[in-house]
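A short worksheet on the structure shown next.
Every value quoted in this text rests on a predicted model; they were computed, and no experiment measured them. Below, read A as the first sequence line, B as the second, and so on, with proteins coming before strands; counting in each chain starts at 1.
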Number of protein chains: 2
Amino acid sequence: MKINEIKNKLVDKGLKVTPQRISILEAIIKLNNHPTAENIIDYIRKNQPNIATATVYKVLDALVENELIRKVKTDRDFMRYDAIMENHHHLYCSVSDRIEDYHDDELNDLLEKYFESKGIPDFKIEDIKLQIIGRFMKSKK
Amino acid sequence: MKINEIKNKLVDKGLKVTPQRISILEAIIKLNNHPTAENIIDYIRKNQPNIATATVYKVLDALVENELIRKVKTDRDFMRYDAIMENHHHLYCSVSDRIEDYHDDELNDLLEKYFESKGIPDFKIEDIKLQIIGRFMKSKK
DNA sequence: AACTTAAAGTAGAATAATTCTCTTCTAATA
DNA sequence: TATTAGAAGAGAATTATTCTACTTTAAGTT
Ligand SMILES: [Mn+2]
Ligand SMILES: [Mn+2]
Ligand SMILES: [Zn+2]
Ligand SMILES: [Zn+2]
């Protein structure tokens, strides 16, 4: 992902293009592992040591608000972020904090058809995500 | 759920039976809406005004550890708890913090068969939960 | 290119959910 | 009833995140 693509994402949402916003969005894309705010701060400060903590939190909120990133649900007390906006599911390690993406269009179709015919009483489905909990058999490359 | 059933759950796990543990487990069962620690504390203090905050947090940890309750994954920064241990999924309201249970054995079978034949490379599935995000069409009774 | 200004960034203090420390109490067993 | 390991309690500490009160800047306007 080139810097210009990132700039365009911001412009398309009517957000001012700032070096901080570019760095933060770039960090989430490059880290590509559902980083925490702290992970993002550490990564950015290697090149941009003066970015303020509050800036990172505020930019993260703005990016979530404008649907350029998403929060990832966990059962830990720090937030994690995801720059992949297309529909996908997550593999959660049951013994560590590792979270990986799981893309599966066949599964999405299956679920869509299942709920289309079955439905849920008094509930209008907007989105379905799987939390697939288990063990990774290989450590990350 | 009678008090004796709750006591037995504790005894079965080798946990000492204390009034605090009974109250906390009972609160999560009765509230039945994936309460936060604060919800639990408020509920219990109506009858037991002196229970310490730290006790509630410590008991919650012990109950999770002993698989009498579970944490519920959210994208908010306070934990929520669930006393229903049988396999089920969750309906998340997209505009409020409401979380409701969704039980569906047909769906569980479908998913089990799907992943049995398909599998996920380098990953051993232990559990699959759906986060079904959307709108409730009726407020809670 | 300089001017304007609403929006964004910053430092540090504040907040709030949770955890820790240390003391007192009690459930379970003998 | 006496013993004691484990649990509860009070309040301080911690820590992820948010707020406050500025200063700075992106981007449109002249
Ligand atoms: Mn969380
Ligand atoms: Mn917190
Ligand atoms: Zn993802
Ligand atoms: Zn539940």
Mark yes or no for whether A/Ser96, through its side chain, and A/Cys93, through its backbone, hold a donor-acceptor pair below 3.5 Å.
no

Just to verify, what does A/Phe123 make a ring pair (Phe, Tyr, Trp, His ring centres under 6.0 Å) with, not counting sequence neighbours?
B/Phe136

How far does the helix from C/dA1-D/dT30 to C/dA30-D/dT1 bend, going by the axes of its first and last five pairs, to the nearest 10°?
40°

Protein-nucleotide distance (B/Arg76, atom CZ; D/dT17, atom P), rounded to Å
13 Å

Contact list please: residues 33-67 of chain B against DNA chain C, heavy atoms, distance less than 4.0 Å, in numerical order.
B/Ala37, B/Ala54, B/Tyr57

Side chains of A/Ile84 and A/His103: closer than 4.5 Å at any heavy-atom pair?
yes

Between B/Val11 and B/Leu15, is there a shared hydrophobic cluster once you connect ILVMFWY residues whose side-chain heavy atoms come closer than 4.5 Å?
yes

I need the full list of side chain to side chain donor-acceptor pair (under 3.5 Å) pairs touching residues 78-90 of chain A, with sequence neighbours left out, sorted by first then second residue.
A/His34-A/Asp82, A/His34-A/His90, A/Asp82-A/His88, A/Asp82-A/His90, A/Asn87-A/Lys129, A/His88-A/His90, A/His88-A/Asp101, A/His89-A/Asn108, A/His90-A/Asp101

A side-chain contact here means heavy atoms from C-beta on lying under 4.5 Å apart; do B/Lys13 and B/Leu68 qualify?
yes

Could you work out, with salt bridge (charged side-chain N to carboxylate O under 4.0 Å, His left out) as the rule, every residue matching A/Glu126, not counting sequence neighbours?
B/Arg135

Less than 4.5 Å apart, side chain to side chain, heavy atoms only: is that true for B/Ile51 and B/Ile24?
yes

Main chain of B/Lys16, side chain of B/Arg21: is a donor-acceptor contact present, judged purely on distance under 3.5 Å?
yes

Just wondering, do B/Asp109 and B/Glu106 contact through their side chains at under 4.5 Å, heavy atoms?
no

Ordered by number, residues from residues 5-24 of chain A within less than 4.0 Å of DNA chain C (heavy atoms) are A/Lys16, A/Thr18, A/Gln20, A/Arg21

Expressed in angstrom and rounded to an integer, what is the separation of A/Phe78 atom CZ from D/dT14 atom P?
19 Å

d(CG, A/Asp77; C1', C/dC20) in whole Å
15 Å

